[in-house]
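Scope of the values below: all heavy atoms of this structure, side chains included, with no hydrogens, waters or symmetry mates. Just so you know, these numbers come straight off a predicted model, no measurement behind them. Below, chains carry the letters A, B, ... as their sequence lines are ordered, and counting in each starts from 1.
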Amino acid sequence: MKPADVETFFATLKAANPQPASELVYSSVFELLAAVLLSAQATDVSVNKATRRLFAVAPSPQRMLALGLDGVIEHIKTIGLFRSKAKHLLETCRLLIERHGGRVPRSREALEALPGVGRKTANVVLNVAFGEPTLAVDTHIFRVGNRTGLAPGKTPLAVELKLLQRVPAAYLEDAHHWLILHGRYVCQARKPRCWDCAVADVCDFRPKPPRP
DNA sequence: ATCCCGAGGG
DNA sequence: CCCTCTGGAT
């Protein structure tokens with residue numbers, strides 16, 4: 001993708017969706033952190049189904065700890081990777097209380113020190129909860145960055161750095177959600193919907209012509 | 001590089 | 001059946 005097309009790319013996505021937001025359901029910074037931790041390799045629909053039950057009983061680190069491992073698993077067992085996620089979530093809750101007064105810390109170092117929280121999850125929390133100019137690269141953004149030519153890279157970190165360097169400052173705040181929603185609904189993994197893609201003319205990807 | 005791991009879509 | 005889903009730890 002040519003540098004001049006990057007502005008067009010984001011202006012077009014913005015016009016279609018002026019105020020993009022996460023589709024995860026949460027009502028506090030703690031719930032955001034927990035929901036994102038649970039969302040690894042899972043759809044937001046399945047995560048929301050589980051967190052509706054979980055957060056009704058455990059909206060705080062203290063209440064989450066009180067549930068215990070089996071209690072947490074009972075609520076999230078419909079999500080993939082549920083055993084490791086339950087374990088990580090509980091240990092994270094313990095550390096939030098022990099190190100951070102039961103609050104979610106605002107620094108990358110403190111966030112990534114929590115089990116189950118890596119660079120991507122930390123970036124989401126820093127951006128969405130604290131308004132920091134970070135850009136979390138998930139499976140969608142990694143694919144969209146490479147496929148479109150907007151931000152090619154062999155690893156998520158490489159794509160993230162390329163995006164931070166190419167996305168105009170005015171779009172950085174919401175770029176994460178525009179890219180993720182574009183990847184989820186239009187630039188899909190298996191069958192990208194290029195025929196109704198608003199940014200197809202500035203995209204490097206050319207789909208195979210359909211069979212007659 | 002491998003493991004974790006359920007639900008939904010094609 | 002196979003692939004994908006807002007990854008992270010070992």
If you measure only the distance, is there a donor-acceptor pair under 3.5 Å linking the side chains of A:Thr78 and A:Arg53? yes
Base, sugar-phosphate, or nothing: which does A:Val117 touch, judged by heavy atoms less than 4.0 Å apart? sugar-phosphate
Can A:Asn123 and A:Glu160 be counted as having a side-chain donor-acceptor contact under 3.5 angstrom? yes
Whichever of A:Ala122 and A:Arg143 has the more 5' nearest nucleotide on DNA chain C, that residue is A:Arg143
Does one side chain, of A:Arg103 or A:His100, offer a donor that lies under 3.5 Å from an acceptor on the other? no
Between C:dT6 and B:dA1, how many Å separate the two P atoms, rounded to a whole number? 25 Å
If the test is side-chain contact (heavy atoms from CB on, under 4.5 Å), which one of A:Thr43, A:Asn48, A:Val47 qualifies with A:Val45? A:Thr43
Taking A:Arg143 for its side chain and A:Gly183 for its backbone only, find out whether a donor-acceptor pair lies under 3.5 Å. yes
What is the per-nucleotide protein-contact pattern of nucleotides 2-10 of chain B, from the 5' end, where B denotes a base atom under 4.0 Å from a protein heavy atom, S denotes such proximity for sugar-phosphate atoms only, and - denotes neither? --BBBSSB-
Reading DNA chain C from 5' to 3', where do the contacts with chain A start and stop? Cut-off is 4.0 Å to heavy atoms. C:dC2 to C:dA9
Walk me through whether A:Asp174 and A:Gln19 qualify under side chain to side chain donor-acceptor pair (under 3.5 Å). CA-CA 8 Å; A:Asp174 292 317; A:Gln19 294 183 338; over 6 Å; no
Parallel, tilted or perpendicular: which one describes the rings of A:Phe9 and A:His182, with boundaries at 30° and 60°? perpendicular
What contact category does A:His88 fall into here, base, sugar-phosphate, or nothing, at under 4.0 angstrom with non-hydrogen atoms? sugar-phosphate
Need one value for A:Pro156: base, sugar-phosphate or nothing, where a base atom within 4.0 Å counts as base even if backbone is also close, heavy atoms only. nothing
Among residues at least two apart in sequence or on other chains, which ones pass side-chain contact (heavy atoms from CB on, under 4.5 Å) with A:Arg99? A:Leu95, A:Ala113
With a 4.0 Å cut-off on heavy atoms, is A:Leu135 in touch with a base, just the backbone sugar-phosphate, or nothing at all? nothing
Reckon A:Ser22 touches a base, only the sugar-phosphate, or nothing at all at heavy-atom distances under 4.0 Å? base
